[in-house]
Amino acid sequence: MRTYKYQALQDYLCDCGKERLQLSFAEIAQICGMNKLPESAFQYPACWDNGAYHSQSKSWYNAGYTVSADIQKQCVVFIKKSEKNEVIKQNTPTRNRRSKPQICTLDIQTAVSEMQKYYCTTKQGEHTRYLSWEHCRRAFAENWSDPSKTEYLCLHLAWYLASWGMLRNSFLFQNDYLIHKEVVAKLCAVEYAALFTENIPNIDLVMQAAEVVRTGYGEHKVSETLVTKILLGIFGCVPAYDRYFKNAVKKYGISATFNAKSLTGLWDYFMQYENIINSACAKTEIPLDLYTPMKLMDMCFWQIGFDMDKQRDRE
């Protein structure tokens with residue numbers, strides 16, 4: 001769900017002047033000019049949390065409300081906060097208060113250009129390796145809730161990882177695609193539904209999913225790069241912290257270590273320029289229902305790091 005879909009709801013709440021009001025799902029859809037809210041709104045409580053970093057929840061957060069939803073009754077109660085600018089902690093990225101927030105210094109026009117350059121490369125052939133991510137991500141988005149598709153999803157994940165060199169010098173090279181079965185089954189559980197249904201997920205849940213990957217291959221050691229490649233392929237919820245990506249984010253003031261602090265810096269950057277990025281993606285026909293914010297960040301910094309590496313080789 002993208003924020004602009006809910007701008008009308010934000011305006012409605014700002015103008016209503018009520019301390020407390022109840023709206024049905026149907027009424028919210030009508031306010032937003034939709035025939036019906038997305039199916040995830042009828043299934044997952046995470047769609048109705050109070051985290052300011054969730055796309056739809058920004059409408060009530062910005063209007064100064066918290067919500068309590070009853071999915072069974074299909075209604076939502078909006079309650080005016082005593083302080084409009086109070087910080088809502090639930091499902092927002094956690095920062096270490098003693099550390100400075102990470103500010104990305106990358107010029108947004110350069111960032112947009114790099115995203116577009118990357119995406120254009122994916123379309124330079126009918127079967128480029130870049131498309132392996134698309135196939136994998138789409139397979140999980142469409143089938144994650146169907147346990148009978150677990151082995152099918154393992155095959156997609158394995159081929160995507162192979163396309164991006166993750167079998168090289170890895171325990172994966174010595175195993176077939178079913179080595180992923182336990183991890184895929186755990187991450188496709190309802191517990192992680194929000195990572196499939198939300199473009200801007202709870203970072204705490206992302207880190208929990210990362211731990212599932214780290215411990216899901218038995219005695220095998222799972223590198224940071226592999227953990228993030230897997231999360232990117234399944235959820236699209238983090239960039240892949242590989243060599244190119246790390247070199248680029250480090251250059252522009254973001255931690256190159258996969259942790260909540262680094263992800264928060266990337267989220268902040270995306271949210272600051274969300275409208276510009278979305279507009280650029282529309283011009284390049286990047287499908288935003290598939291390409292999540294963190295995938296866009298992955299594309300941007302991977303391309304920068306890749307070009308930096310090529311430049312060093314020429315020198």
Show your working on side-chain hydrogen bond (donor to acceptor under 3.5 Å, both in side chains) between Tyr291 and Glu134 and close with a plain yes or no.
CA-CA 8 Å; Tyr291 281 74; Glu134 281 196 12; 2.6 Å; yes
Take Gln22 and Cys75 through the side-chain contact (heavy atoms from CB on, under 4.5 Å) test and state the conclusion after the steps.
CA-CA 7 Å; Gln22 179 174 308; Cys75 66; 3.9 Å; yes
Verdict with reasoning, Glu224 to Lys246, per salt bridge (Lys or Arg N to Asp or Glu O under 4.0 Å):
CA-CA 11 Å; Glu224 180 179 80; Lys246 288 182 176 182; 2.7 Å; yes
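- Taking 4.5 Å as the limit, some side-chain heavy atom of Met115 sits within range of a side-chain heavy atom of Cys300.
- Because its NZ or CZ atom is not both nearer than 6.0 Å to the ring centre of Trp144 and within 45° of the ring axis, Lys149 does not count as a cation-pi partner of that residue.
- In the hydrophobic clustering of ILVMFWY residues, with side-chain heavy atoms under 4.5 Å counting as a link, Val183 and Trp164 come out together.
- Here the side chains of Leu205 and Leu195 are in contact, with some heavy-atom distance below 4.5 Å.
- The line from OG of Ser24 to CG of Asp70 is 12.0 Å long, rounded to the nearest 0.5 Å.
- For CG of Asp176, the number of neighbouring non-hydrogen atoms (other residues, nucleotides, ligands) closer than 6.0 Å is greater than 12.
- Ring centroids of Trp302 and Phe245 are separated by 6.0 Å or more, keeping the two rings apart.
- Leu157 pairs in a side chain to side chain contact (heavy atoms under 4.5 Å, CB included) with only one of the listed residues (Leu155, Leu153, Leu161), which is Leu161.
- Side-chain contact between Gln10 and Trp60: absent, with no pair of heavy atoms (C-beta onward) separated by less than 4.5 Å.
- Between Lys181 and Cys154, some side-chain heavy-atom pair lies under the 4.5 Å cut-off.
- Judged purely by distance below 3.5 Å, without hydrogens or angles, the side chains of Asp146 and Ser148 pair a donor atom with an acceptor atom.
- What you find for Thr284 and Tyr119 is that their closest heavy atoms are O-CE2, 3.7 Å.
- Formation of a donor-acceptor pair under 3.5 Å by the Ser262 side chain with backbone atoms of Asn259 is not found in this model.
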side-chain contact (heavy atoms from CB on, under 4.5 Å) between Tyr241 and Asp298, worked out:
CA-CA 8 Å; Tyr241 281 67; Asp298 175 78; over 6 Å; no
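- In the hydrophobic clustering of this structure, Met299 groups with Met308; members are Ile, Leu, Val, Met, Phe, Trp, Tyr whose side-chain heavy atoms approach within less than 4.5 Å, directly or through other members.
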Is there a side-chain contact (heavy atoms from CB on, under 4.5 Å) between Val67 and Ile79 once you walk through the steps?
CA-CA 6 Å; Val67 301; Ile79 302 173; over 6 Å; no
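- When all heavy atoms of Ala8 and Cys32 are compared, the closest pair comes out as CB-CA, 4.2 Å.
- Between His156 and Tyr152, the gap from one ring centroid to the other is short of 6.0 Å.
- Using a distance-only test at 3.5 Å, with no hydrogens or angles considered, a donor-acceptor pair links the side chain of Thr215 to the main chain of Glu211.
- Put simply, CG on Leu263 and CE on Met297 are 12.5 Å apart, with the number rounded to the nearest 0.5 Å.
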Apply side-chain hydrogen bond (donor to acceptor under 3.5 Å, both in side chains) to the pair Tyr192 and Gln208, showing each step before the final yes or no.
CA-CA 9 Å; Tyr192 297 99; Gln208 184 177 318; 3.2 Å; yes
Test Leu21 against Val77 for side-chain contact (heavy atoms from CB on, under 4.5 Å), laying out the working first.
CA-CA 6 Å; Leu21 73 156; Val77 175; over 6 Å; no
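- For Gln272, the CD atom is densely surrounded, since the number of other residues' heavy atoms within 6.0 Å is greater than 12.
- Residues Phe173 and Arg168 have side chains not in contact (no heavy-atom distance under 4.5 Å, counting atoms from C-beta outward).
- With values rounded to the nearest 0.5 angstrom, Leu167 atom CG is found 9.5 Å from Gln174 atom CD.
- Contact detail for Trp133 and Leu290: the closest heavy-atom pair is CH2-O, 3.4 Å.
- Here the side chain of Thr128 pairs a donor or acceptor atom with the backbone of Thr122 at under 3.5 angstrom.
- Closest non-hydrogen pair, Pro239 versus Leu266, comes out as CG-CD1, 3.8 Å.
- Heavy-atom minimum distance, Phe235 versus Leu187: CZ-O, 3.7 Å.
- There is a path of hydrophobic side-chain contacts, each under 4.5 Å, that joins Trp267 to Met207.
- For Tyr273 and Tyr269, the ring centers sit closer than 6.0 Å to each other.
- The two residues Ala209 and Leu231 make their nearest non-hydrogen contact at CB-CD2, 4.0 Å.
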Does the pair Ser163 and Ser132 meet the rule for a side-chain hydrogen bond (donor to acceptor under 3.5 Å, both in side chains), with working shown?
CA-CA 7 Å; Ser163 294; Ser132 291; 2.7 Å; yes
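- Judged purely by distance below 3.5 Å, without hydrogens or angles, the side chains of Ser59 and Tyr65 never pair a donor atom with an acceptor atom.
- Note that CD1 of Ile28 is 14.0 Å distant from NZ of Lys36, once rounded to the nearest 0.5 Å.
- Counting heavy atoms from C-beta on, the side chains of Asp268 and Cys104 never come closer than 4.5 Å.
- Remark: the Gln303 side chain and the Tyr244 side chain contain no N/O donor-acceptor pair separated by less than 3.5 Å.
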Going through the distances and angles, do Gln7 and Asp11 end up as a side-chain hydrogen bond (donor to acceptor under 3.5 Å, both in side chains)?
CA-CA 6 Å; Gln7 181 65 51; Asp11 295 341; 3.0 Å; yes
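- Heavy atoms of other residues, nucleotides or ligands lying less than 6.0 angstrom from NZ of Lys250 number 12 at most.
- In this structure, Ile304 and Asn247 have side chains that are not in contact, with every pair of non-hydrogen atoms separated by 4.5 Å or more.
- Connection of Ile286 to Leu131 is not established within any shared hydrophobic cluster, with ILVMFWY side chains joined at heavy-atom distances below 4.5 Å, either directly or through further cluster members.
- Ring geometry for His180 versus Tyr217: interplanar angle over 60°, hence perpendicular rather than tilted (30 to 60°).
- Cation-pi geometry between Lys73 and Phe25 is not met at under 6.0 angstrom from the ring centre and within 45 degrees of the axis.
- In this structure, the separation between CG on Asp242 and OG1 on Thr225 is 6.0 Å, given to the nearest 0.5 Å.
- Centroid-to-centroid, the aromatic rings of Phe306 and Tyr118 stay 6.0 Å apart or farther.
- Judged by distance alone, with hydrogens and angles left aside, the side-chain atoms of Lys80 form a donor-acceptor pair with the main-chain N or O of Ala63 at under 3.5 Å.
- Trp159 is not connected to Leu226 by any chain of hydrophobic side-chain contacts under 4.5 Å among Ile, Leu, Val, Met, Phe, Trp and Tyr, and they are in different clusters.
- Atoms CG and CD, from Asp107 and Glu114 in turn, are 11.0 Å apart once rounded to the nearest 0.5 Å.
- With sequence neighbours excluded, the residues that form a salt bridge (charged side-chain N to carboxylate O under 4.0 Å, His left out) with Lys117 are Asp307.
- Counting only heavy atoms from C-beta outward, the side chains of Tyr160 and Arg137 never approach each other to under 4.5 Å.
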